[in-house]
Amino acid sequence: MNANRLSAPMQAALNAQMNKENHQAQIYLSYGCWADGEGFEGISNFLFRHSKEERDHMMKFLEYILKRGGKVTVSAIPEPSADPTSVNDCFEKVFKQEVSNTELIYKLVKMSFDEGDWATWNFMQWFVREQTEEETLAIELLDMIKVAGGKEASHSALFSLDRQMGVRADDAGLAQDVTTDHP
Ligand code: FEO
C-alpha cells in the first residue's frame, strides 16, 4: 500500500527546495567567513546566525516530507557563489538571493494550489510569511549600507555598521524560533 500523501512531482519539488535551503545555508556560511576575514566580526556573526536559520528551513522541509509519508533525497549542493567584493556587494547579494528564494517558494505555493494539495499549501504559508520577513530584513541591510555611504562607505562608517550588526537582535524571528524541535 502506498502511504505517500505527496504526488511524485510535489515530492520532487519539496526535495529540491529542501536542498536549496541547504545551499542557502552554505552561502551564508561562506559570506560569514568572508566577512570575518575582512575584519567585520559583527556582520560575520549576523551571517553565521542566518546560516543556521537557513538550515532550520531545510529541516522543516525534510520533516514535512517525512510526515507526509514521502521520501527524502539529500543531494549534493553546488559550491557557494564567489565571495562578495565589499559589504555593499554582500548585502546586495543577500537581497537578490532572498528574492530568488521567494520566487521558488511562490512556485511551490502555486503548485500545491493547482494540485489541490491543501496540506502542502497550508505548510507553505509559513514560508510565505518567512520570506516576507527575510526580504524586509534584506531591504533593511541595503538601507543601512546606503546610509553608511553605499559603495563609497568610509572605514569609520563600516566600523560603526559592523558594531551595530553584532548586537542587533535577529529580525527573522520566525525562523529563529521555529525548528524541527519547536515547529
Ligand atoms: Fe530560507 Fe532565506 O530563505
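Each ligand, and each atom within it, is numbered from 1 in the order the structure gives. Residues take their numbers from the sequence shown, with the count starting at 1.
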- Any ion pair linking Lys110 and Asp114 (charged N to carboxylate O, less than 4.0 Å)? yes
- Item | Pair Glu54-His23, side-chain donor/acceptor within less than 3.5 Å | no
- Query: Can you tell me if Glu21 and Gln17 form a side-chain donor-acceptor pair at under 3.5 Å?
  - Reply: yes
- Message: When you compare the side chains of Ser81 and Tyr31, does any donor N or O come within less than 3.5 Å of an acceptor on the partner?
- Response: yes
- Item | Polar side chain donor-acceptor pair, Asp117 to Ser112, under 3.5 angstrom | no
- Note on the structure: Under 2.8 Å from atom 1 (Fe) of ligand 1, protein N/O/S atoms total 3
- Output the rest of the hydrophobic cluster of Met1: all Ile, Leu, Val, Met, Phe, Trp and Tyr residues reachable through side-chain heavy-atom contacts under 4.5 Å, sorted by chain and number. none
